[in-house]
Amino acid sequence: MKKVLVLHGPNINLTGIREPGTYGNQTLQTINDEILKKAQQMELACDIFQTNHEGELIDKIHTALTDYDGIVINAGAYTHYSYAIRDAISSVKKPCVEVHMSNIHAREPFRHESVIAPVCIGQICGFGKESYLLGLEAISKYL
């Protein structure tokens, strides 16, 4: 069975509380439950990890070298400036799909640029929690 790592970056732990007009009102736990259900239906093993700390995200990405076949990542604000996360994704040489619940291209100009997109196989944004489920669909094509 192929194994996928789903990563949630900073402030995503506040989903359902923080800016519900942008991110929805479902909690992260509810979204994670839907991700796990979808992964099971797709016959994918799936681990989910959330952190507000850049180094922890990088350490978890590194585990893909030996433990995972692909990554789905919502790097949150790190998307726009973390070359360290970009380099970690590039280094593990596993397919990675970038996801965002909001449409980053329709928000503030600083959110329009993703420094991790060039090392991902694709980007899905603007579909709320469905972005994660679409990310699973997309990554499954590359495993």
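Everything numeric in this text was worked out from a predicted model, so none of it was measured. When reading the values below, keep in mind they use all heavy atoms of this one structure, side chains included, and skip hydrogens, waters and symmetry mates.
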field: Connected via hydrophobic side-chain network under 4.5 Å: I31 and I73
entry: no

task: Carefully, step by step, assess I124 and E130 under the rule side chain to side chain contact (heavy atoms under 4.5 Å, CB included).
output: CA-CA 9 Å; I124 299 168; E130 295 295 320; over 6 Å; no

query: At what distance, to the nearest 0.5 angstrom, does CG of N74 lie from CD1 of I12?
result: 3.5 Å

- request: Decide whether L44 and Y132 are clustered together by the hydrophobic rule: side chain heavy atoms of Ile, Leu, Val, Met, Phe, Trp, Tyr closer than 4.5 Å, transitively.
  value: yes

query: Under the side chain to side chain contact (heavy atoms under 4.5 Å, CB included) criterion, do E34 and Q26 qualify, and how do the steps go?
result: CA-CA 11 Å; E34 290 189 40; Q26 289 191 325; 3.6 Å; yes

- prompt: Roughly how far, to the nearest 0.5 Å, is the CG atom of L65 from the OG atom of S91?
  reply: 8.0 Å

message: Whether the E54 and N52 side chains hold a donor-acceptor pair (N or O, under 3.5 Å, no angle test) is what I'd like checked.
response: no

Pair E137 + K38, salt bridge at N-O below 4.0 Å: yes

message: As an exercise, state the distance from SG of C96 to CD1 of I121, rounded to the nearest 0.5 Å.
response: 8.0 Å

query: Okay, side chain of D69, backbone of K3: is any donor-acceptor separation there less than 3.5 Å?
result: yes

message: Quick one, I71 and P95 - any side-chain contact, counting heavy atoms below 4.5 Å?
response: no

- request: Output yes when a side-chain donor or acceptor of S82 lies under 3.5 Å from a complementary backbone atom of T79, and no otherwise.
  value: no

task: Would you kindly confirm whether V97 and L36 end up in one hydrophobic cluster when ILVMFWY residues are joined by side chain heavy atoms under 4.5 Å apart?
output: yes

field: Same apolar cluster: V92 and Y83, side chain cutoff 4.5 Å
entry: yes

- prompt: Could you go step by step and tell me if I89 and I61 meet the side chain to side chain contact (heavy atoms under 4.5 Å, CB included) rule?
  reply: CA-CA 7 Å; I89 293 168; I61 291 165; 4.0 Å; yes

message: For a side chain to side chain contact (heavy atoms under 4.5 Å, CB included) check, start with the C-alpha distance between K129 and L133, then their side-chain angles and the critical distance, and finish with the verdict.
response: CA-CA 7 Å; K129 67 177 181 179; L133 306 181; 5.5 Å; no

- request: Could you verify whether a donor N or O on one side chain and an acceptor N or O on the other, from Q123 and H105, lie under 3.5 Å apart?
  value: yes

message: Could you check whether atom CD of E56 has more than 12 heavy atoms from other residues, nucleotides or ligands sitting under 6.0 Å from it?
response: yes

message: Starting from Y81, can I reach V119 by hopping between I/L/V/M/F/W/Y residues whose side chains sit under 4.5 Å apart?
response: yes

message: Could you check whether any side-chain heavy atom of L7 comes within less than 4.5 Å of a side-chain heavy atom of V72, counting everything from C-beta outward?
response: no

message: Between H80 and E113 (side chain of the first, backbone of the second, donor and acceptor by atom type, cut-off under 3.5 Å), is there such a pair?
response: yes

Atom pair SG (C46) and CE (M1), whose distance is rounded to the nearest 0.5 Å: 11.0 Å

task: Supply the atom-to-atom distance S131 OG to L136 CG, rounded to the nearest 0.5 angstrom.
output: 11.5 Å

Those residues that, when tested against T63, pass side chain to side chain contact (heavy atoms under 4.5 Å, CB included) (two or more places apart): L5, K60, D67, Y68

query: So do I58 and I85 actually touch side chain to side chain, heavy atoms under 4.5 Å?
result: yes

field: Within 6.0 Å of CD in Q41, more than 12 heavy atoms from elsewhere
entry: yes

- request: Give a yes or no on whether the backbone of G9 and the side-chain of Q50 come within a donor-acceptor separation of less than 3.5 Å.
  value: yes

Heavy-atom check, side chain of H100 versus side chain of F127, under 4.5 Å: no

field: Closest non-hydrogen atom pair between P118 and R86, with its separation
entry: CB-NH2, 3.8 Å

- prompt: For the atom pair CD1 (I139) and CE (M42), what is the distance rounded to the nearest 0.5 Å?
  reply: 10.0 Å

field: Closest contact, heavy atoms only, C125 versus N103
entry: SG-OD1, 3.8 Å

field: Which residues share a side chain to side chain contact (heavy atoms under 4.5 Å, CB included) with N32, sequence neighbours left out
entry: H8, L28, Q29, I35, I48

